Structures are given as C-alpha cells and as structure tokens.
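Notes for the one structure printed next.
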Amino acid sequence: MKQQPLLSDLIKGASFDGFLLVRAASQRTASNGSKYLDMTLTDISGDINAKMWDGLTPAPEVGKVIKVRGVMQEYNGRAQFRVDKMRDSREEDEVDMNQLIPCAPRPADDMMDEILNRADAIRDKELKALVLMRLEEAGEKLLFMPAALKLHHAERSGLLNHTSTMLKGAQMISELYPFLDADLIAAGVILHDLCKIDEMKSDELGMVSDYTREGNLLGHLVIGVSELNRCARTLGVRSELVTMLSHMILSHHDLPEYGSPKPPMFPEAEVLHTLDVLDARMNEMTHELSKVQPGSFTDRIWSLDRKLYRREEE
C-alpha cells in the first residue's frame, strides 16, 4: 500500500481515497425515515465519525479494513467524513497495517520485560510470588490488550504502555519520598488494571468490540480483587498484605462515581491513584492536542470537561 494521508491531516473539503479500519458501524434511521450508515473509522492518527447516506450499504464488520472514498466535512463544529464509496480490502491491496492500527509507542516485548523485571525485584517473597502468579495467568493477552475501549491508551499494547509508564513514575516518587514502600506501590501498579483483560473483548489487533459479561456486571476493580484473593489463598499470602493490595485496586479510581467504593486510605494507595490519573490524562491530552494546529484549542473533551490549548512554540 502506498503512503496515504492521515485522518488528522485532512482539512474540511479534502478528499480521501484509501484504507481505514472499522472501529464501529451500524445502520441507523434519520428523523425523515431514511436509512444511513454510521461508522467510526480509524488510522494511527485517531478516529473519525463517518456517514454513508445511500441507505443500502450494509454495516461492515468491526475490525475489518475497508477502502473508502469520500470528503472530509464538518457537522456541529466537529469533523465528519462523508463516505461516497467503500469496499472490503483485498489481499492484492497489500494494506500496511502499521498505518491503520493505533499502537503503543514502544515494542510490547520491551514493556513486558520491564514489568517482569520489576516484579522479580520485589523483596517480599509473598508479594513477589503473588504478582508473578497474576502476570503468568494473564499470559500473552497482555502483549496486545489496550487499556480502554476509548479515551486513554485505547491502542494495541496500551495496557502495557500504561503500566510500564506508571512503574517509571512510581520509582521516581519512591525515591522522592523514602518512607513509602516502593515494592507495594510497584505491585499495585502492576495489578491495578490487570483484569481489564477480563473486562473487555479484544482481538490481537487491540480492537475492543465490547465489554464481557463480567466486565459489564462487575468491572475490572471487582474482578481484580476477586482474582487477587483467589491467588493469595493458593499461595498462603498473609491477610494484611492481601487486604492492602485489595484496597489499592478498589480505591485507585478514588471516587464512587468513578467506580471506587473507598478513597485511598494509606500513602501507597494514594500514590497509585495519583499515578493512574496523571498517566491517563497525559496520554489523553497528548492524543487530543495532536489533532489541532499550534496556537489553537481542541474541542471540549467530555472526559476532562474542558478544552485544551496547544502552544505555538513547539
């Protein structure tokens, strides 16, 4: 496949004829009764809402690569792509998937090695055994799993990216505040989102199609505590350590409206929550700012409840 323009580079009125990945697609009915196709299409630069108005074309499968021809437009101040023609990709198209799949900026194997090495360096034998057991159970899913369906680290190997970045931050904070238990924080970082592999349905491209039954009914915090306690019983881990790790998993979202029944109630739990929020917001801010030109503002970002400004001097 020849190099094609990125979605983020397309301005209003620009035409596009190339390949995109389907993140979501469905047939819908307009207020006048006409049918249209509503899609979310993506490449490595981000997502775009796309519409096809012929009312006849069936919705393509999520995770498929399609060839589309159309024009970039604007609706209610937001970019929208009008699709005039589309078809499934073919083998002879020789599509370069590296142009289409949002991926973590570093190789998955490198990030996995960093996480395993940090777990192996934990001095407390029970804590080390518990973390290594959970990582072993997670297996190869970690190599491609995103950290979210949308928002932060919604990319192939995004969960590894989120975890490995937080581990670097944890090391720096532990050096700054020596009274902290650095190993406990590292264990919390590794375990806090690990059960996102059970919460979401993802293929090996890192494309999440939906939440699992357990993900919808329980969520990764509750699943994480359940799996932690199961492994702890198998290994005979002392009760206080299990309780503290359970609290760190349950409290890392901080507030009930974000899913945490308890706020962080000891320093290491507070550090975990702070690192989680910081890394998630930096990732999301970087992603949103990449969509706009220097010296301008993003659209209002609902998850942050604000606009962002991209400085001119970069």
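Quick caveat: nothing in here was measured; it's all calculated off a predicted structure.
Ion pair Asp9/Lys291 not flagged as a salt bridge, since none of the NZ, NE, NH1 or NH2 atoms sits closer than 4.0 Å to an Asp/Glu carboxylate oxygen. Ion pairing between a basic and an acidic side chain is recognised when a charged N comes within 4.0 Å of a carboxylate O; Arg90 and Asp93 show no such pairing. A salt bridge is absent between Asp84 and Arg69; no separation between the charged side-chain nitrogens and carboxylate oxygens falls under 4.0 Å. No salt bridge links Arg156 with Glu204; every basic N to acidic carboxylate O contact stays at or beyond 4.0 Å. Between Lys307 and Asp299 there is no salt bridge, since no side-chain nitrogen of the basic residue lies less than 4.0 Å from a carboxylate oxygen of the acidic one.
Val189 is not connected to Leu278 by any chain of hydrophobic side-chain contacts under 4.5 Å among Ile, Leu, Val, Met, Phe, Trp and Tyr, and they are in different clusters. Clustering ILVMFWY residues whenever any of their side-chain heavy atoms sit less than 4.5 angstrom apart, transitively, puts Ile249 in the very cluster that holds Leu142. Residues Leu41 and Leu37 are members of one and the same hydrophobic cluster, defined by side-chain heavy-atom contacts under 4.5 angstrom among Ile, Leu, Val, Met, Phe, Trp and Tyr. The cluster map of Ile, Leu, Val, Met, Phe, Trp and Tyr, joined by side-chain heavy atoms under 4.5 Å apart, puts Leu180 and Ile190 in the same cluster. Note: the hydrophobic cluster containing Tyr36 does not contain Val83 (ILVMFWY, side chain heavy atoms under 4.5 Å, direct or indirect links).
In this structure, the separation between OG on Ser296 and CZ on Arg310 is 7.5 Å, given to the nearest 0.5 Å. Considering CG of Asp193 and CG of Leu160, their distance stands at 11.5 Å, rounded to 0.5 Å. One distance of note links CD of Gln99 with CZ of Phe19; it measures 10.0 Å at 0.5 Å rounding. Distance check, rounded to the nearest 0.5 Å: CD of Glu199 to CG of Asp210 gives 11.0 Å. In this structure, the separation between CG on Asp38 and CZ on Arg28 is 4.0 Å, given to the nearest 0.5 Å. With rounding to the nearest 0.5 Å, the separation of CG in Leu159 from CD1 in Ile197 is 8.0 Å.
No donor-acceptor pair under 3.5 Å is formed between the side chain of His220 and the backbone N or O of Cys195. Proximity of a side-chain donor or acceptor of Thr298 to a complementary backbone N or O of Leu308 within less than 3.5 Å is detected. With hydrogens and angles disregarded, a donor-acceptor distance shorter than 3.5 Å links the side chain of Ser260 to the backbone of Leu250. Side-chain atoms of Ser89 come within 3.5 Å of backbone atoms of Val65 as a donor-acceptor pair (strictly under, hydrogens ignored). When atom types are taken as modelled, the side chain of Lys128 and the backbone of Asp120 share a donor-acceptor pair closer than 3.5 angstrom. Checking side-chain atoms of Thr212 against main-chain N and O of Lys201 turns up no donor-acceptor pair under 3.5 Å. Without hydrogens or angle criteria, Lys196 side chain to Ala147 main chain gives a donor-acceptor distance under 3.5 Å. Judged purely by atom type and a 3.5 angstrom limit, Asp203 uses its side chain to pair as donor or acceptor with the backbone of Gly206. Remark: side-chain polar atoms of Arg300 are paired, donor with acceptor, to backbone N or O of Asp305 under 3.5 angstrom. No donor-acceptor pair under 3.5 Å is formed between the side chain of Asn49 and the backbone N or O of Thr40.
Heavy-atom contacts from other residues, nucleotides or ligands closer than 6.0 Å to OH of Tyr177 number 12 or fewer. Within a 6.0 Å radius of CG in Leu217, more than 12 heavy atoms belonging to other residues, nucleotides or ligands are found. Environment of CE in Met265: sparse, with no more than 12 heavy atoms of neighbouring residues, nucleotides or ligands closer than 6.0 Å. Open room surrounds CD on Glu61; 12 or fewer heavy atoms of other groups in view lie less than 6.0 Å from it. Glu92 CD: more than 12 foreign heavy atoms inside a 6.0 Å radius. Heavy-atom contacts from other residues, nucleotides or ligands closer than 6.0 Å to CD of Glu136 number 12 or fewer. Within 6.0 Å of CZ on Arg87 lie more than 12 heavy atoms contributed by other residues, nucleotides or ligands.
Counting all heavy atoms, side chain and backbone alike, Ala104 lies closest to Met111 at CB-CE, 3.8 Å. The two residues Arg123 and Asp183 have their closest heavy-atom pair at N-OD2, 3.0 Å. Nearest approach of Phe179 to Glu268, heavy atoms of both residues: O-OE2, 4.5 Å. Shown here for Leu20 and Leu100, the closest heavy-atom pair between the two residues is CA-CD2, 4.1 Å. Taking every heavy atom of both residues into account, Tyr258 and His253 meet most closely at O-ND1, 2.7 Å. Nearest approach of Leu143 to Ala108, heavy atoms of both residues: O-CB, 3.4 Å.
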His247 vs Thr243, side chain to side chain contact (heavy atoms under 4.5 Å, CB included): CA-CA, chis, key distance, verdict: CA-CA 6 Å; His247 174 78; Thr243 300; 5.6 Å; no
Verify salt bridge (charged side-chain N to carboxylate O under 4.0 Å, His left out) between Arg230 and Glu137, making sure each step is shown before the conclusion. CA-CA 12 Å; Arg230 176 184 58 80; Glu137 288 184 341; 2.7 Å; yes
Verify side chain to side chain contact (heavy atoms under 4.5 Å, CB included) between Leu228 and Leu130, making sure each step is shown before the conclusion. CA-CA 8 Å; Leu228 175 75; Leu130 185 55; 3.5 Å; yes
Evaluate the criterion side chain to side chain contact (heavy atoms under 4.5 Å, CB included) for residue pair Val71 and Phe81; output intermediate values, then yes/no. CA-CA 6 Å; Val71 177; Phe81 185 64; 5.6 Å; no
Check the pair Arg306 / Glu288 against salt bridge (charged side-chain N to carboxylate O under 4.0 Å, His left out), numbers first and verdict last. CA-CA 12 Å; Arg306 74 194 81 161; Glu288 294 296 331; over 6 Å; no
Give the C-alpha distance, both sets of side-chain angles, the deciding distance and a yes or no for side chain to side chain contact (heavy atoms under 4.5 Å, CB included) between Leu184 and Met244. CA-CA 9 Å; Leu184 183 61; Met244 294 183 77; 4.0 Å; yes
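Asp54 and Thr57 form a side-chain donor-acceptor contact under 3.5 Å, judged by distance and modelled atom types alone. Side-chain contact, Thr42 with Asp47: a donor N or O sits under 3.5 Å from an acceptor N or O. With 3.5 Å as the limit, one finds no donor-acceptor pair spanning the side chains of His152 and Asp279. With no hydrogens or angles considered, a side-chain donor-acceptor pair links Ser303 and Glu284 at under 3.5 Å. Side-chain atoms of Thr29 and Lys35 include a donor-acceptor pair closer than 3.5 Å.
Here the two rings, on His192 and His162, have centers that are under 6.0 Å apart.
A heavy-atom distance below 4.5 Å is found between the side chains of Pro146 and Ser202. Between Leu241 and Asp124, some side-chain heavy-atom pair lies under the 4.5 Å cut-off. Side chains of Tyr75 and Lys51 form no contact here, defined as non-hydrogen atoms less than 4.5 Å apart. Within the 4.5 Å cutoff, the side chain of His273 has heavy atoms near those of the Pro264 side chain. Using a 4.5 Å heavy-atom cutoff, the side chains of Lys67 and Asp88 are not in contact. Between Met282 and Val277, every side-chain heavy-atom pair lies at or beyond the 4.5 Å cut-off.
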